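To start, the structure under review is shown below, and the notes come after it.
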Number of protein chains: 2
Amino acid sequence: MRKTKNTYHHGDLAESLLVAVDEIATKFGLEAVTLRACAKLVGVSPSAAFRHYSDKKALLTAFATRALDQLSLAMSDAQYAAVENSSNPFHAVCLAYVKFALEKPAFFRAMWREESLYTSDKNYIAAALNLQAHMQAGFADTIEDKDPDSISPQELLAWSSVHGLAKLFIEGTVGRDNTMEEKIERARDMIIALDSAIK
Amino acid sequence: MRKTKNTYHHGDLAESLLVAVDEIATKFGLEAVTLRACAKLVGVSPSAAFRHYSDKKALLTAFATRALDQLSLAMSDAQYAAVENSSNPFHAVCLAYVKFALEKPAFFRAMWREESLYTSDKNYIAAALNLQAHMQAGFADTIEDKDPDSISPQELLAWSSVHGLAKLFIEGTVGRDNTMEEKIERARDMIIALDSAIK
DNA sequence: GGACTAATGTAAACGATGTTCACTTTTTTT
DNA sequence: AAAAAAAGTGAACATCGTTTACATTAGTCC
């Protein structure tokens, strides 16, 4: 797989650390992500990480940025598929958002943890704006929008509600004893209610 | 103010620690809340806290519970005032939710930080259910609800959207360079959109 | 009113974490 | 081939949450 001849120089530590964050977060939760654990997983001394990231926060910001991109991708995939099936793209995009949160909670939580992110980071902001664009693209045919640069109240409602539902699910505030399927069903119902409120 | 005669026994350390959490969180943010800092602020040794809370998490859970109660109160106040003024109670309750988040971000964030809370704590769950009840009470005249025990899709939409908007504001994802007034205005607009989607 | 007990505090220590610093090893440049 | 830059190491530090053994106070019972 990877040439482990020269063990001193790693090759692409920056990337490997991100993979390590992924692994640990997925397996043991975001709280278990520690610099030392990542370093150990990669097989490198803790201080090595600082050659590539100024901070733990910087590493997590990079990870969050990547997570945002994944979500954007999932949403545009869903939209594309909906157009193919000639089903409702608005529904599809909204549902994709909630589904992503349910299926990859570590990623979803990571991308919105302001307290452990540099939310002013250029790449992070760009990814967030990109996500917003994908969101609005999904709304395009459903919500009439005069000014495509700003967010209309309807768009804000749509985004807020899927975001909020995802959060409520993940926090366990809502649907604590629902199965995954039931949660998705509830999400679908909410999105239908949302739909009728928007057009 | 407080009799500082006997410095050994504090009197009501459990309560004082909660006040300390409040002070530090409000002044320096939730991340600055550390057991040692709280203890120092109260004037007590770090280990003393463990006589009253099994954990840092337990302390934060108690704080979150209190925050939930405050939010419940703010919402029922808003509802009451709206009824007095014969303005729209649904709008009032929703706006109160977002306003609380904007005005007391530390509290709002504290109550939803699953990662640092015992979300299965009895009191915490009770407070969360109570909040939900206040929410639904605010919706009562607006959203027709067959089964008052469960949450209808419309109610879920309402809750999700105000919760989501609050989060988006606090995270800085939306309205990063809006003033407080502008944010409230946007919230109002969103709630109006929500309203027309629900009845 | 004193003795016993429970409650509540302290001080010192531990392991884990993020981070820094002086140093070494490899890679790149010239 | 030499010099400079890049990427890694290991030891150390401060801080944090937490535990342990001990000290002090408050409450209760005879």
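This structure is a prediction, so every number in the text was calculated from the model and none was measured. Just so we're on the same page: letters track the sequence lines, and every chain starts at 1.
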### Task
Looking at every strand, decide which applies to B:Ser45 at a 4.0 Å heavy-atom threshold: base, sugar-phosphate, or nothing.
base
### Task
Could you tell me which residues satisfy salt bridge (charged side-chain N to carboxylate O under 4.0 Å, His left out) with B:Glu114, sequence neighbours excluded, listed by chain and number?
A:Arg109
### Query
What is the distance, rounded to the nearest whole Å, between atom CG of A:Asp12 and atom P of D:dA6?
16 Å
### Message
I want to check a possible cation-pi pair here: B:Lys104 against B:Phe107, using under 6.0 Å from ring centre and within 45° of the ring axis as the test.
### Response
yes
### Summary
A:Leu17 CG to D:dA7 C1', in whole Å, measures 12 Å
### Task
Counting heavy atoms from C-beta on, name the nucleotide in C:dT10, D:dT18, D:dA12 closest to the side chain of B:Pro46.
D:dT18
### Query
Closer than 4.0 Å, any side-chain N/O of A:Ser47 to the OP1 or OP2 of C:dT19?
no
### Message
Taking A:Leu194 as the starting point, is it possible to reach A:Ile184 by hopping between hydrophobic residues whose side chains are less than 4.5 Å apart?
### Response
yes
### Task
Whole angstrom is fine here: how far is it from CD in B:Glu31 over to P in D:dC16?
14 Å
### Message
Starting the side chain at C-beta, find the nucleotide from D:dG10, D:dT19, D:dA7 nearest to B:Phe50.
### Response
D:dT19
### Query
Closer than 4.0 Å, any side-chain N/O of A:Thr34 to the OP1 or OP2 of C:dG18?
yes
### Query
Nearest to the side chain of A:Lys56 - C:dT10, C:dA13, C:dG18?
C:dG18
## Note on the structure
Side-chain contact check for A:Arg36: nearest option of D:dA12, D:dA7, D:dC16 is D:dA12
